[in-house]
Number of protein chains: 2
Amino acid sequence: MAEDVFKALADPTRRRILDELVERDGQTLFEICTRLVTKHGLGLSRQAISQHLAVLESAGLVRTRRQGRYKFHDLTTEPLERIVTRWLKPDTPEAP
Amino acid sequence: MAEDVFKALADPTRRRILDELVERDGQTLFEICTRLVTKHGLGLSRQAISQHLAVLESAGLVRTRRQGRYKFHDLTTEPLERIVTRWLKPDTPEAP
DNA sequence: TTGATAGGCAAGTCGGTACTTGCCTATTGT
DNA sequence: ACAATAGGCAAGTACCGACTTGCCTATCAA
């Protein structure tokens with residue numbers, strides 16, 4: 001539901017994760033962890049990131065595929081496009 | 001900032017308020033209050049709505065104009081359009 | 001088979017925030 | 001002038017969510 005999408009986007013760390021995934025799709029939990037630490041200086045535990053990814057997944061913003069002991073995370077942008085059109089007036093002005 | 005926009009959108013009541021404003025622009029605090037109560041069954045105090053409107057305004061989603069003892073609230077959709085393009089890949093697929 | 005890697009589960013802590021309550025200011029009408 | 005209407009300020013409560021800690025499971029390499 002839209003509720004889950006908005007709540008998922010409310011957290012800065014989760015938005016960072018989406019930034020990482022849009023830059024390189026299909027990363028594992030550990031890859032995302034190290035990237036967040038090195039590139040953005042976020043000092044978070046692995047569990048924290050794992051929980052964030054769970055929130056993103058249940059919101060439909062991230063899809064996962066298991067492969068052996070790895071779990072790859074892929075970005076899904078469909079929910080994003082839906083939620084915003086909610087408040088855009090019918091006369092959507094196209095950029096000139 | 002984008003941070004304020006996302007946090008503003010995180011709350012269901014604030015999204016209801018945006019729904020009301022997109023339906024009829026330029027409402028006062030009291031109008032919004034009564035509408036939320038009658039149409040959506042939300043039993044919230046006037047202060048609660050006032051604080052929500054303050055959040056929406058500081059996020060740039062609502063603009064206000066004072067006129068006598070009335071304060072009218074207008075919706076502003078510009079921040080919405082900006083924040084979502086953040087994760088839409090460069091090859092934006094147009095609807096066929 | 002054993003150790004190392006990748007990830008999961010569950011309980012607990014702590015801070016932010018949504019909401020209330022009470023009182024105050026300003027504009028309008030009679 | 002006075003009451004009623006429209007809104008603002010500030011402190012207090014209570015709950016939700018982000019993060020940690022500790023331990024457990026599964027897959028791969030040697």
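First the proteins, then the strands, lettered A, B, ... as listed; each starts at 1. Remember, it's a predicted structure, so these values are computed and weren't measured experimentally.
- Distance, B:Ile17 CD1 to C:dA18 P: 11 Å, rounded to whole Å.
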Report, as a single string ordered 5' to 3', how protein heavy atoms within less than 4.0 Å touch nucleotides 25-30 of chain C: B base, S sugar-phosphate only, - not at all. --BS--
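- Counting side-chain heavy-atom gaps under 4.5 Å among Ile, Leu, Val, Met, Phe, Trp and Tyr, the cluster of B:Tyr70 also holds B:Phe72.
- The shortest distance between the side-chain N/O atoms of A:Lys71 and the OP1/OP2 oxygens of D:dA26 is not below 4.0 Å.
- Environment of CZ in B:Arg16: sparse, with no more than 12 heavy atoms of neighbouring residues, nucleotides or ligands closer than 6.0 Å.
- Annotation: salt bridge (charged side-chain N to carboxylate O under 4.0 Å, His left out) contacts involving residues 41-57 of chain B, sequence neighbours excluded, are absent.
- Environment of CZ in A:Arg63: sparse, with no more than 12 heavy atoms of neighbouring residues, nucleotides or ligands closer than 6.0 Å.
- The side chain to side chain donor-acceptor pair (under 3.5 Å) check on A:Lys7 picks up A:Glu3, with sequence neighbours excluded.
- Between B:Arg15 and B:Glu20 there is no salt bridge, since no side-chain N of the basic residue sits under 4.0 Å from a carboxylate O of the acidic one.
- As rounded to whole Å, 15 Å separates atom C1' of D:dT27 from atom CG of A:Leu29.
- Rounded to a whole Å, the CZ atom of A:Arg66 is 12 Å from the C1' atom of C:dT5.
- A:Val55 and A:Leu9 end up in different hydrophobic clusters when Ile, Leu, Val, Met, Phe, Trp and Tyr side chains are linked at under 4.5 Å.
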Base contacts versus sugar-phosphate-only contacts with protein, heavy atoms under 4.0 Å: please encode nucleotides 15-25 of chain D as B, S and - from 5' to 3'. --SSBBBB---
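- Straight-line distance from the CD atom of A:Glu57 to the P atom of C:dG7: 13 Å, rounded to whole Å.
- Residues in residues 17-66 of chain A take part in no ring pair (Phe, Tyr, Trp, His ring centres under 6.0 Å) pair, two or more places apart or across chains.
- Between A:Phe72 atom CZ and C:dA6 atom P the separation is 11 Å, expressed in whole Å.
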